[in-house]
Amino acid sequence: MAGKRSAPHSSGAVGAARLSGGQWVACVVTALTIIASLGGYGWYQGLIGNITTTQVDTDEWDRPTSVEGVMNLLIIGSDVRSGENADYGEAEGERPDTMLIASINVDNGAATLVNLPRDLMVDLPACEAVEGYEGMGAHQGMINSAMTFGGVGCQWNTVEQVTGVHLDHFLMMDFTGFKDMVDALGGVQMCIPEPIDDPKAHLELDAGLQSLDGEDSLGFVRSRYAQGDGSDLSRIDRQQEFMGAMLREVLSSDVMTNPVTITNFLGAVTDSISTDDDLTVDIMTDMAISMREVDLERIQFVTVPSGAHPDDENRIMMSQPQASELFEAINAGVDLAGEDDDTSDNKDEAEGRETVDPADVSIEVLNNTGIDGLAVEIQAVLVQEGYVVTGRGNPVLRTPEATTVYHGPGEEAAAELLAGSLENAVTEEAEGLEQTLELVAGTDWNGFSGSSSADTDLSITDDLGGVTAEEDQESAC
């Protein structure tokens, strides 16, 4: 592609200064939306050619399975501060300040953006040394430290291993580019509930509804100690509010019908972002087309469920099973922004089917495959999905070749729920079984399906405290 620049380290290192905070996510999603509207202008191909690209060899590690029709983007920003970004403080190393997974369902135009806080403690995988990075052994540490030791490739690997989500591409952006984007839009309207004076973020604002220019917007999303409780989680909440406001600004008719505004905005985007070299113009355009008519209610922001780390009050850890359910749903391609009409228990009730909660289902897991340790693995997944596992072992009374869920009289609904979470399983009534189901993994065992209990009732807004992009800042004030 003409005009494409290559990053200096083919191993996955990125040398350009990158952005702190979550602000680039709004720019990424809105930029993709705009691309779909530029066919009539012709010159957008040249602007796209300004994007810096980096090679990442994802064949170096075992990866989660991808899902057709879903694009998962790793949005990262490091607090390297040099060049024009040096005005925003000094920091050593390349440590992502905030990371997000942007899951875009290209089939139905929904998007879920999941923040991964920098203070999150996880099990980090080993990463080999590459040019400019010393590598690291497997250990427990902050999720953002992987990039310091192994560059963007190591960070990509870490997020996949920790979340189980297949990441298709990554994007980065810098401070200066973010300011230029906001200024290209003519500012972003925000409701400021209380006066803000934060010298560290270069921010001083009066209370009330106002239009923030690029400098003030950058300060708003970076500000931490002068707003809320001073925590990173509180700052993430404000960043999500700003993302929604920026999306509404970009999708407004005043912006979308103004070629000059679009040119300036997209120019700022393409001058500032860095991607992997597999994220082509065609892929961007496909995503943009899917997002062009999206309802703002179907763009959701959420922080991974977490709580205080028991060994360090300044660190957090993922809350289970909520975090695993969220990531499982994302990697299975579940539409978490779907309507609540006929996709959950309401549909079952409307059609006369009995509804069952996994927590009310007891299961004995029996291994008839000859694969050592399989019953333990199956038990771990079932417990994660909320089932009660009462025992495990090898079958004695029933030894089918086909994976079978045996149930007693009146337990058909529970058996069907369990069988529905498996790739291939049949149900059968068996004498002598009371309330406990008997799952016998046969020689045709093919694991769990992408569909699980997580795709029936998990709600970003109701269950996980997430928000959508539709809230109007004027009404909020």
Donor-acceptor pair, distance only, cut-off 3.5 Å: does the side chain of [X] make one with the backbone of [Y]?
X    : Y    : answer
H202 : G219 : no
D276 : V56  : no
R238 : S223 : yes
S145 : G141 : no
N331 : H166 : yes
D357 : D360 : no
D183 : G214 : yes
R63  : L167 : yes
Q161 : D62  : yes

Determine the minimum heavy-atom distance between [X] and [Y], stating which atoms define it.
X    : Y    : answer
V304 : P117 : CG1-CD, 3.6 Å
L382 : F448 : CD2-CE2, 3.7 Å
P125 : M136 : O-CE, 3.1 Å
S319 : S306 : OG-C, 3.1 Å
L336 : A329 : CD2-CB, 4.0 Å
A207 : P193 : CB-O, 3.8 Å

Let me confirm one number: the [atom1]-[atom2] distance from [X] to [Y], rounded to the nearest 0.5 Å.
X    : Y    : atom1 : atom2 : answer
H139 : L124 : NE2   : CG    : 4.5 Å
L417 : E412 : CG    : CD    : 13.5 Å
L73  : L100 : CG    : CG    : 11.0 Å
D216 : I196 : CG    : CD1   : 9.5 Å
L212 : I192 : CG    : CD1   : 5.0 Å
Y387 : S421 : OH    : OG    : 4.5 Å

Side chains of [X] and [Y], donor plus acceptor under 3.5 Å:
X    : Y    : result
D206 : Q210 : no
S324 : Q320 : yes
S103 : N72  : yes

Close side-chain approach of [X] and [Y], heavy atoms under 4.5 Å:
X    : Y    : answer
E438 : H407 : no
L326 : Q322 : no
T461 : Q300 : yes
T158 : I143 : yes
V159 : M99  : yes
E215 : F220 : no
P358 : E385 : no
L437 : L439 : no

Check whether more than 12 heavy atoms from other residues, nucleotides or ligands sit under 6.0 Å from atom [atom1] of [X], and answer yes or no.
X    : atom1 : result
E194 : CD    : no
D197 : CG    : yes
N314 : CG    : yes

| query | Got a sec, which residues hit side-chain contact (heavy atoms from CB on, under 4.5 Å) with D123, two or more places apart in sequence or on another chain? | reply | Q140

| Pair L209-Q189, side-chain contact (heavy atoms from CB on, under 4.5 Å): steps then yes or no | CA-CA 7 Å; L209 184 68; Q189 192 174 64; 3.6 Å; yes

| message | Tell me whether the rings of F170 and W156 are parallel (<30°), tilted (30 to 60°) or perpendicular (>60°). | response | perpendicular

| said: side-chain contact (heavy atoms from CB on, under 4.5 Å), that's the test. Do E60 and N157 meet it? Break it down for me. | reply: CA-CA 9 Å; E60 293 184 352; N157 178 16; over 6 Å; no

| request: Determine, stepwise, if the pair I363 / T436 fulfils side-chain contact (heavy atoms from CB on, under 4.5 Å). | output: CA-CA 5 Å; I363 305 169; T436 299; 5.6 Å; no

| Yes or no on side-chain contact (heavy atoms from CB on, under 4.5 Å) for R118 and N144, after CA distance, side-chain angles and deciding distance? | CA-CA 6 Å; R118 64 181 183 181; N144 70 346; 3.7 Å; yes

